[in-house]
*Asks:* 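Pasting in a structure now, in structure tokens, and then I'll have a few things to ask.
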Amino acid sequence: MNLFEYQGKELYKKFSIPTPKSTFIKSKSELQSDHGLSYPLVVKAQVQVGGRGKAGGIKVANNDAELDQFIDDILGMDIKGHLVESLLIEEASEIISEYYISFTLDRSEKKYLMMLSSKGGMDIEEVAENSPDDLIKHYISPSVGLDDSDIEHAITNAKLDFAYKDQLIEIISKLYSLFADNDCDLVEVNPLAITSKGVSALDSKVSLDVNAEYRHEEFKEFEKDIPIPESEKFAKSKGLNFIKLDGSVGIIGNGAGLVMSTLDVVVEHGGKAANFLDIGGGAKAETVTAALEVLETEDDVKSVLINIFGGITRCDLVAEGIVEATKGKELKWPITVRLDGTNSKEGLEILENNKNEKITISESMDEAAQIAVQAGQ
Amino acid sequence: MSILINEDTKVVVQGLTGEQGKFHALRNRDYGTQVVAGTRPGKGGEKVEGIPIFNTVKDAIEATGANTALTFVPPAFAKDAVLEAGDAGCDLIVCITEGIPAKDEAKMYDLLKTNTNAKLLGPNCPGLISPGKSNVGIMPHEITQEGNVGVVSRSGTLTYQAVHELTRINIGQSTCIGIGGDPVPGMSFIDVLEGFQLDSQTEAIVMIGEIGGSAEEEAAEYIKNHVTKPVVSYIAGVTAPPGKKMGHAGAIVSGNKGTASAKIEALTKAGVNVVKNPTKIGQAIRDVI
């Protein structure tokens, strides 16, 4: 789950990581006249897309009139398809140097990776491409962690200003704690700046590991403020993994790999998937019923393909779910069903005993995809 | 020979008293797997359908000689369960649990590697089966058949699909293995490929990958240099739009890293026959054996 800048900075504050003094607003009326901030102020669009500065989503106001003007300008702006619904207004910093730092998991090394560069404030992928020696990589063993001498070593290698060594070590150590102890998939600060008031995190990019939601109350609070399509919200509440796509064949399957493969095979037969919907492992009948309900809310769907290969998922329960969702109903679209694997015989029997003229059963994934594509044309 | 498990494998099931654990452990036993014990703290001394329950894996090993752990415990407790199995001396730990936080996975892998010799398969994987010998996990054994093709995959359900395509044209399997799609899997494609290359029963290999990460590219490099047996591959997610996270923590494409086309290119260059549709896997293997 990717956080907005202001949400990331809320976490920074919790971990005593210095950030500029700021206020967050969703409308102009929320701005207190005695906000207590000193000009110049930076007005920053809160959107989850890169390049907002170039798009006019970041402006520096020197007085009340300018602040007023920029709030009006930026709120409601469309930045690369993202509507600006909120702003972070923060005190501008006098920047002496700009650095880059991030913590993430390196999947090939199976270790945490800290990346540090003296060339902050710009596109870090360009730095990695054009002057790779300026990007220091330090691997961290997850069971050992990162200590101050590791950080000092990295600061030296990255040629950061040694006059600020102690402050840098402190802030980097806190960023690591946030990453490692607060279940973040990514913590990135660009720029991490040396300012006239000391070291400060001027931007924040934080991504949270949703699998760890159960042990972090605040994850749910953040989630409430992140806009996602209604259908995805509904699917999530039912324990389904749903992503809206732009085709017309509704897809329900079990296991991300099989569902992705189903999307590919639908394309091979000349169709296009309307969605990705994974009912997960060990789905119950009501999970399948809910999956069909999700597709009913989608106007673009013309035909539905259910592709199940049971392992931990039992085909008999899937069949019960299909029957439950369709029995005695006028179906909006034809459904093609393919069931294989655990208890598939029982599942097919259930469907056979509860015949519905709009449901076609197919024995192979390839054929099922073909039928579903044709049925939607 | 098969790899990792055989007739002599003795399994202790962590979480045998749960619904999923019980359902699949009994299926494994019905298949002929030696499911010798289960664990559940506080329930030691009880039995599930004749299988004795112990409080700890250590107790289970001492009493039954179990050498392989099969883990179904919920995500919040999975790390500790896997480490317990490793400390108790299990040679192989098969972790089925889905939804473990990435930090727990990273620590679990690190500690297991540092402190034990145990091999970890998963988490978030379907386990493995050596047809005719042993099934440890949740794979539907009905679709398998004993034979000479090794199957390895990141995706559970696609493993079944691949196995099914082989069996329906009467091509059997030596061992079928799902390594899982999580950010920090225990055994990698390379670990399994090495096993298949050394295994006398295995004549050809099916490797199923998907978008995201770089495991397939690393496997391609390994195949080029170390695998002489024919390899057929399929990569899922060719049409997945970039930037969308599709379920598996692994299946995410950012930028041009980890795309299906990059993986297909690397594998093709390594001499692997990459098929475009999983239903073509059977025929592709038939062509090489």
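Each chain gets a letter, A, B and so on, in the order the sequences are listed, and its residues count up from 1.
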*Asks:* Would you mind checking which part of Phe242(A) comes under 4.5 Å of any heavy atom in chain B, side chain (CB onward), backbone (N, CA, C, O), both or neither?
*Replies:* neither
*Asks:* For chain B, which of Ser261(A), Ala212(A), Gly253(A) has the most heavy-atom pairs under 4.5 Å?
*Replies:* Ser261(A)
*Asks:* List the steps, then state whether side chain to side chain contact (heavy atoms under 4.5 Å, CB included) holds for Lys103(B) with Asp209(A).
*Replies:* CA-CA 9 Å; Lys103(B) 293 292 179 306; Asp209(A) 176 2; 5.7 Å; no
*Asks:* Could you tell me if the side chain of Pro278(B) sits less than 4.5 Å from the side chain of Met365(A), heavy atoms only?
*Replies:* yes
*Asks:* Check the surroundings of atom CG in Asn130(A): do more than 12 heavy atoms from other residues, nucleotides or ligands lie under 6.0 Å from it?
*Replies:*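 Atom CG in Asn130(A) is crowded, with more than 12 foreign heavy atoms closer than 6.0 Å.
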*Asks:* Identify which part of Tyr109(B) has an atom lying under 4.5 Å from any heavy atom of chain A, answering side chain, backbone, both or neither.
*Replies:* side chain
*Asks:* Check each atom of Ala215(B) against the heavy atoms of chain A and say whether the ones under 4.5 Å are side chain, backbone, both or neither.
*Replies:* neither
*Asks:* At a heavy-atom separation under 4.5 Å, does Asp183(A) approach chain B through its side chain, its backbone, both, or neither?
*Replies:*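 Contact with chain B is through both the backbone and side chain of Asp183(A).
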*Asks:* So which heavy atom on Lys110(A) is nearest to which on Pro185(B), and how close?
*Replies:*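 Scanning both residues, the minimum pair turns out to be NZ-O, 2.6 Å.
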*Asks:* Report which part of Ile96(B) has an atom under 4.5 Å of a heavy atom belonging to chain A: side chain, backbone, both, or neither.
*Replies:* side chain
*Asks:* For a quick check under 3.5 Å, do Asn254(A) and Thr157(B) share a side-chain donor-acceptor pair by atom type?
*Replies:*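 There is no such pair between these side chains.
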*Asks:* For a 4.5 angstrom cut-off between non-hydrogen side-chain atoms, does Asp366(A) reach Asn277(B)?
*Replies:*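 The answer is yes, as the side chains (C-beta and beyond) meet within the 4.5 Å cut-off.
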*Asks:* Test Thr342(A) against Phe23(B) for side chain to side chain contact (heavy atoms under 4.5 Å, CB included), laying out the working first.
*Replies:* CA-CA 11 Å; Thr342(A) 305; Phe23(B) 178 80; 4.1 Å; yes
*Asks:* Under 4.0 Å between a side-chain nitrogen and a carboxylate oxygen: does that hold for Arg215(A) and Asp104(B)?
*Replies:*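 Yes, this pair counts.
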*Asks:* Report, by ascending residue number, the residues of residues 71-80 of chain B in heavy-atom contact with chain A at a distance under 4.5 Å; give 'none' if the set is empty.
*Replies:* Pro75(B), Ala76(B)
*Asks:* Where is the tightest heavy-atom contact between Asp264(A) and Gly237(B), given as atom of each residue plus distance?
*Replies:* OD2-N, 2.8 Å
*Asks:* I want to check something: taking the side chain as every heavy atom from C-beta on, are Glu142(B) and Ser344(A) in contact at a cut-off of under 4.5 Å?
*Replies:* no
*Asks:* Using heavy-atom distances under 4.5 Å, tell me whether Gln161(B) contacts chain A through its side chain, its backbone, both, or neither.
*Replies:*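 For Gln161(B), the contact with chain A is made by backbone and side chain together.
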*Asks:* Report yes if the side chains of Ile143(B) and Phe309(A) come closer than 4.5 Å at any heavy-atom pair, otherwise no.
*Replies:* yes
*Asks:* Identify which part of Glu105(B) has an atom lying under 4.5 Å from any heavy atom of chain A, answering side chain, backbone, both or neither.
*Replies:*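 The answer is neither part of Glu105(B).
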*Asks:* Gly311(A) and His24(B): which non-hydrogen atoms are nearest, and at how many Å?
*Replies:*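 Shortest heavy-atom contact: O-CE1, 3.3 Å.
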*Asks:* Would you say that Arg107(A) contacts Val184(B) through its side chain, given a criterion of any heavy-atom pair below 4.5 Å between the two side chains?
*Replies:*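 No. Closest side-chain heavy atoms not under 4.5 Å.
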*Asks:* Do Asn343(A) and Pro140(B) come within less than 4.5 Å of each other through their side chains, counting heavy atoms only?
*Replies:* no
